[in-house]
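Heads up, the thing below is written out as structure tokens.
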Amino acid sequence: MPIRFHNTLTRRIEEFVPATPGEVRMYHCGPTVYSTPHIGNYRTFLLGDLLRRFLEWQGYKVEQVMNLTDVGHLLEDAEEGEDKLEAAARKARKTAWEIAEHYAQEFFAGLEFLHFLPAHHYPRATTHVPEMIAMIEALEQRGYAYKVASGNVYFDISRFPAYGRLSGNTAEELEAGARIEINPEKRDPRDFALWKIDAKHQMQWDSPWGRGFPGWHIECSAMSRKYLGESFDLHTGGEDNVFPHHECEIAQSEAASGKPFVRYWLHARHLLVDSTKMSKRLGNVHTAQSLQSLGHSGDALRLALQKAHYREPLNFTLASLDEAERKVARYRDTGVRLRDAAATAAATEAAASTRQAVDGLRARFAEALADDLNVSVALAVLDEAVGEANRRAPHGGDAAALFGLLRELWGVFGLLQKSLESTPLADADILALIAERDAARKARDWKRSDELRDLLKQRGIELLDGKDGARWRRSGR
RNA sequence: GGGGGCAUAGCCAAGUGGUAAGGCAACGGAUUGCAAAUCCGUUAUUCCCCGGUUCAAAUCCGGGUGCCCCCUCCA
């Protein structure tokens with residue numbers, strides 16, 4: 001089955017063909033660790049996770065890298081000001097290094113909460129300065145870099161005519177915009193910094209151009225080359241990264257290696273919250289931690305952040321998260337029901353009609369995602385599969401087949417990866433209360449039965465009455 | 001000011017020329033001691049507005065309105 005992705009480089013949906021058959025190497029622009037990542041960041045990162053899960057499900061061996069930007073970069077093109085990392089450090093009365101470490105840990109906690117598959121590498125800029133220096137030296141040797149009196153080193157755009165290919169920002173268009181402040185030490189306003197000298201900057205390294213720090217763009221070029229090679233298959237990031245960040249990465253990497261850099265560029269649309277962009281002023285900035293402390297589950301947040309196509313606007317609201325919460329609960333209930341129905345009945349082979357239904361659903365789900373990750377259609381197929389499972393109320397082999405399918409499809413979305421592994425064990429006293437209520441119901445003592453149901457509810461246990469006594473689940477999240 | 005994208009029911013959202021998927025919510029029904037869960041059914045003559053092309057348009061073209069992204073740190 002051909003897989004197709006929208007490639008920002010060509011602005012077209014193209015068939016995805018990795019350089020090495022069966023293997024995919026991909027790089028994701030990760031967080032700048034100067035504040036707690038918000039759910040918009042995670043939406044973008046989830047694009048990478050979905051790609052990973054989908055491609056692996058399709059049988060590819062995937063090598064995945066996500067960087068952490070832990071060098072501040074506000075000074076990119078300005079001569080004054082303070083970068084965000086250092087500003088955060090000053091506020092917190094900590095060093096930039098401490099700030100970076102703190103927020104890196106928060107970032108990883110968010111990944112865990114959202115059940116990300118760990119990337120194979122999470123390289124940090126501060127531990128790859130030698131690689132960056134080596135790349136800048138290569139650029140210098142090839143005549144793509146120049147040093148000015150201040151000690152700063154810039155990339156020479158005039159030597160790289162393809163600059164602008166990714167973003168469509170041609171020289172003429174950038175000039176028409178006329179919002180680029182002229183930095184007199186640059187030969188061309190579009191030239192960008194490779195190495196900066198600034199005595200005030202906390203993070204400093206020795207280099208052939210003096211003690212200073214690397215430009216923002218060079219880190220991704222240097223680190224992707226180290227872990228994935230000079231050319232690789234997929235590179236993702238937020239839509240804001242298209243220009244200038246990725247444009248500059250292409251220029252540096254291709255100028256340094258003389259080879260094509262990335263085959264397919266995928267960019268995620270920014271998340272909206274309450275129909276507008278997130279801002280501290282509006283108080284609509286949500287983080288994984290803030291939603292977790294409201295009692296929400298990682299599964300529901302994942303679903304809420306993945307339910308729209310990655311290139312379409314997605315509006316996040318707390319109501320949409322509640323909806324996702326109910327949906328996940330439905331999935332979980334169906335999953336537990338199937339699992340138990342498969343386990344309790346004698347092992348049998350699934351009926352032909354079940355196998356046919358399972359294969360058909362799986363194929364349609366795969367086709368949807370192969371079509372540039374059409375998650376809306378894929379989730380519709382998933383809901384159909386859940387409905388099918390509930391309708392058939394299967395046992396034995398049929399239940400096992402449907403359970404296997406659902407686990408597979410949920411797995412591609414990263415849903416219910418942990419909560420189905422083990423039935424949450426109830427404390428003995430809770431089991432006793434449930435047994436007591438079952439006895440009360442049998443005796444038609446509805447008053448006592450309802451009392452016990454309320455009592456259990458207070459303790460977070462929801463009962464699902466059935467013919468053979470009550471099933472139960474942890475309520476809510 | 002320049003460039004790019006989006007606009008489909010109360011809400012979310014598929015669908016890029018052939019006569020509107022799916023989900024949530026709501027309502028009706030089955031089931032239930034009552035609920036919950038589950039199942040069945042109902043809910044857009046219409047796709048932001050105006051004009052055009054076509055036998056045929058949510059889908060193509062022109063104009064307008066609104067929102068988002070980039071051009072400046074940003075997922």
Side-chain angles (χ1 to χ4, degrees), chain A residues 8 11 28-32 34-35 37-48 69 72-78 81-85 87 164 167-170 172-181 190 216 236-245 247 267-272 275-278 303-304 307-317 319-320 322-324 326-327 329-330 333-334 337 368 371 374-384 386-387 389-393 440-441 444-447 449-450 453-454 457 462-467 470-473 475:
Chain A
T8 308
R11 287 175 194 72
H28 314 301
C29 277
T32 301
Y34 67 89
S35 67
H38 52 63
I39 57 174
N41 298 110
Y42 288 112
R43 182 199 188 184
T44 298
F45 304 151
L46 278 168
L47 168 61
T69 298
H73 288 293
L74 189 74
L75 291 172
E76 182 58 28
D77 276 332
E82 187 176 29
D83 76 55
K84 290 198 172 184
L85 236 156
S167 62
N169 283 334
T170 61
E172 302 74 56
E173 276 165 356
L174 285 169
E175 269 167 37
R179 278 178 59 182
I180 297 176
E181 279 186 36
R190 295 170 300 158
W216 171 36
T236 74
E239 59 180 325
D240 56 304
N241 280 153
V242 174
F243 188 90
H245 186 49
E247 197 75 75
H267 290 97
R269 192 69 189 268
H270 275 191
L271 180 73
L272 300 179
S275 303
T276 187
K277 76 189 283 186
M278 261 185 282
L303 184 57
K307 72 177 202 169
H309 186 84
Y310 70 96
R311 281 187 294 111
E312 295 291 327
L314 168 60
N315 185 30
F316 178 90
T317 61
S320 75
D322 285 335
E323 184 183 322
R326 287 190 293 274
K327 178 71 76 178
R330 175 178 159 87
D333 289 347
T334 300
R337 221 168 3 245
D371 180 17
N374 190 333
V375 292
S376 299
V377 169
L379 287 171
V381 174
L382 173 54
D383 278 337
E384 203 180 310
V386 169
N390 285 324
R391 219 174 355 262
R392 290 176 179 240
R441 289 188 73 229
R444 309 183 76 80
D445 182 354
W446 310 128
K447 183 164 175 287
S449 168
D450 288 348
R453 181 165 65 192
D454 290 344
K457 191 174 183 182
E462 198 172 337
L463 294 170
L464 310 163
D465 287 335
K467 285 200 171 72
R471 307 172 56 83
W472 61 276
R473 69 177 184 212
S475 63

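Proteins come first, then strands; the chains are lettered A, B, ... in the order of their sequence lines, and each starts at number 1.
Comparing the C1' positions of U46(B) and C71(B) gives an interatomic distance of 39 Å, to the nearest angstrom. Comparing the P positions of A20(B) and A58(B) gives a spacing of 9 Å, expressed to the nearest Å. Separation of the P atoms belonging to G15(B) and A9(B) is 16 Å when rounded to the nearest angstrom. To the nearest whole angstrom, the two C1' atoms, one in C11(B) and one in A25(B), are 7 Å apart. Comparing C47(B) with U16(B), their C1' atoms sit 13 Å apart, to the nearest whole Å.
Taking NE2 of H28(A) as the start and OG1 of T44(A) as the end, the distance is 11.5 Å to the nearest 0.5 Å. Here CZ of R326(A) is found 12.5 Å from CZ of R330(A). Values are rounded to the nearest 0.5 Å. Residue R311(A) holds its CZ atom at 10.5 Å from CG of L47(A), rounded to the nearest 0.5 Å. Taking CZ of R444(A) as the start and OG of S449(A) as the end, the distance is 11.0 Å to the nearest 0.5 Å. Here D322(A) contributes atom CG and K327(A) contributes atom NZ; the two are 14.0 Å apart, rounded to the nearest 0.5 Å.
The CG atom of N315(A) sits 17 Å away from the P atom of C6(B) (whole-angstrom rounding). For the pair R11(A) CZ and C70(B) P, the computed distance is 16 Å after rounding to whole Å. Rounded to whole Å, atom P of C12(B) lies 15 Å from atom CG of D322(A). Look at CG on L314(A): it is 15 Å from P on C68(B), rounded to the nearest Å. The nearest whole Å value for the distance from the CG atom in D445(A) to the P atom in C34(B) is 16 Å. Here the P atom of nucleotide G33(B) and the CG atom of L463(A) are 15 Å apart, to the nearest Å. Rounded to whole Å, the distance from OH on Y310(A) to C1' on G5(B) is 14 Å. One atom, NE2 of H309(A), and another, C1' of U16(B), lie 14 Å apart when rounded to the nearest Å.
A donor-acceptor contact shorter than 3.5 Å is absent between the side chain of D371(A) and the backbone of N374(A). Formation of a donor-acceptor pair under 3.5 Å by the H38(A) side chain with backbone atoms of N41(A) is found in this model. Remark: the backbone N or O of H267(A) is not paired with any side-chain donor or acceptor of E239(A) at under 3.5 angstrom.
The ring of H270(A) lies on top of the base of A75(B), close enough and flat enough: under 5.5 Å between centres, under 30° between planes.
Mapping R311(A) and K277(A) onto RNA chain B by nearest heavy atom places R311(A) at the nucleotide closer to the 5' end.
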I'd like a list of close polar pairs between nucleotides 58-61 of chain B and the protein, N/O only, cut-off under 3.5 Å.
none

Do any N or O atoms of the protein come closer than 3.5 Å to N or O atoms of nucleotides 22-26 of chain B, and which pairs are they?
{"unit_1": "G23(B)", "atom_1": "O3'", "unit_2": "K327(A)", "atom_2": "NZ", "d": "2.9"}
{"unit_1": "G23(B)", "atom_1": "O2'", "unit_2": "K327(A)", "atom_2": "NZ", "d": "3.1"}
{"unit_1": "C24(B)", "atom_1": "O4'", "unit_2": "E323(A)", "atom_2": "OE2", "d": "3.2"}
{"unit_1": "C24(B)", "atom_1": "O2'", "unit_2": "R326(A)", "atom_2": "NH2", "d": "3.4"}
{"unit_1": "A25(B)", "atom_1": "OP1", "unit_2": "R326(A)", "atom_2": "NE", "d": "3.4"}

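Residue G237(A) is classed as a sugar-phosphate contact, given heavy-atom separations below 4.0 Å to backbone atoms only. Within the 4.0 angstrom heavy-atom criterion, base atoms lie near L271(A). Residue contacts for D450(A): at a heavy-atom cut-off of 4.0 Å it reaches a base atom on one of the strands shown. Within 4.0 Å (heavy atoms only), P244(A) reaches sugar-phosphate atoms of the nucleic acid but no base atom. Note on R391(A): only backbone sugar-phosphate atoms sit closer than 4.0 angstrom, heavy atoms only; bases stay farther off. Residue T32(A) is classed as a sugar-phosphate contact, given heavy-atom separations below 4.0 Å to backbone atoms only. Among the atoms of the strands shown, base atoms are found under 4.0 Å from some heavy atom of H38(A). Looking at heavy-atom distances under 4.0 Å, R337(A) makes contact with sugar-phosphate atoms alone, never a base.
For T276(A), the side-chain atoms get nearest to C68(B) when compared with the rest of A75(B), A21(B), C68(B).
Of all the heavy atoms in A324(A) and L303(A), the pair that sits closest is O-CD2, 4.0 Å. Between R43(A) and H270(A), the closest heavy-atom pair is NH1-O, 3.7 Å. Considering all non-hydrogen atoms of both residues, G164(A) and E247(A) come closest at N-OE2, 2.9 Å.
Under 4.0 angstrom from either OP1 or OP2 of G15(B) there lies at least one side-chain N or O belonging to N374(A). Between A35(B) and W446(A), no contact under 4.0 Å exists linking OP1 or OP2 to a side-chain N or O.
Between the base of C34(B) and the side chain of D465(A) there is a donor-acceptor pair shorter than 3.5 Å. Judged by atom type and distance alone, R269(A) does not reach the base of A75(B) through any side-chain donor-acceptor pair under 3.5 Å.
The local environment of CZ in R11(A) is crowded, with over 12 non-hydrogen atoms from other residues, nucleotides or ligands closer than 6.0 Å.
Across all strands shown, nothing is found opposite A57(B) as a Watson-Crick or G-U wobble partner with both distances under 3.5 Å.
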